[in-house]
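First up is the structure itself, then whatever we jot down about it.
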Amino acid sequence: MARAVCSRCHAVRATGTSPMRRAPPFRGLAERFPVDDLADVLNEGVDRRHPAMPDFRLDPDDADDLAAYLKTLKP
Ligand code: HEC
């Protein structure tokens, strides 16, 4: 599951800090980031958004799943 990959660097739950200090916690991300475009952003713009991150692709189902999850997280 994609979230497990992301959690190496990002705080993916409602509380806690990111394991990697520069990575923004996922809570609140839905309010300042177009999470519906997550797949496009990550698949096409991973180098711009994630200079610190290994290149990976997110399949559309995982991206939808992740976007839905991000919307449930409040800052
Ligand atoms: C190896 C560490 C690492 C992993 C794994 C990682 N990220 Fe990131 N991510 C970062 C860092 C660091 C930033 C901050 C931008 C920067 O300076 O690179 C970031 C930024 C972002 C941003 C941009 C936030 C903004 O406000 O622009 C999004 C969206 C994001 N990550 C989503 C994800 C998703 C979704 C995954 C899992 C599929 C993931 N990241 C996995 C390190 C990581």
Side-chain angles (χ1 to χ4, degrees):
M1 169 57 208
R3 219 185 302 161
V5 179
C6 313
S7 69
R8 266 177 49 216
C9 301
H10 293 271
V12 298
R13 297 187 187 289
T15 59
T17 52
S18 300
M20 187 190 236
R21 220 184 311 169
R22 280 178 53 226
F26 275 5
R27 63 181 177 284
L29 204 58
E31 290 184 356
R32 55 188 183 78
F33 188 84
V35 290
D36 287 323
D37 297 335
L38 201 60
D40 289 345
V41 169
L42 292 184
N43 288 344
E44 286 159 29
V46 79
D47 47 345
R48 272 182 294 123
R49 284 281 173 186
H50 276 80
M53 201 171 115
D55 205 1
F56 63 66
R57 301 189 70 82
L58 210 55
D59 79 48
D61 284 349
D62 277 352
D64 284 352
D65 199 45
L66 202 57
Y69 174 71
L70 288 173
K71 287 176 190 169
T72 69
L73 287 179
K74 298 278 180 266

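Here the side chain of R8 pairs no donor or acceptor atom with the backbone of M20 at under 3.5 angstrom. Panel note: side chain H10, backbone P24; a donor-acceptor pair is recorded below 3.5 Å.
Minimum interatomic distance between P19 and C9 (heavy atoms only, all atoms of both residues): CD-O, 3.2 Å. Nearest heavy atom pair, residue P25 against residue S18, reads N-OG, 3.5 Å.
For the atom pair CD (E31) and CG (L70), the distance works out to 11.5 Å, reported to the nearest 0.5 Å. From R13, atom CZ reaches atom OG of S7 across 7.5 Å, with rounding to the nearest 0.5 Å.
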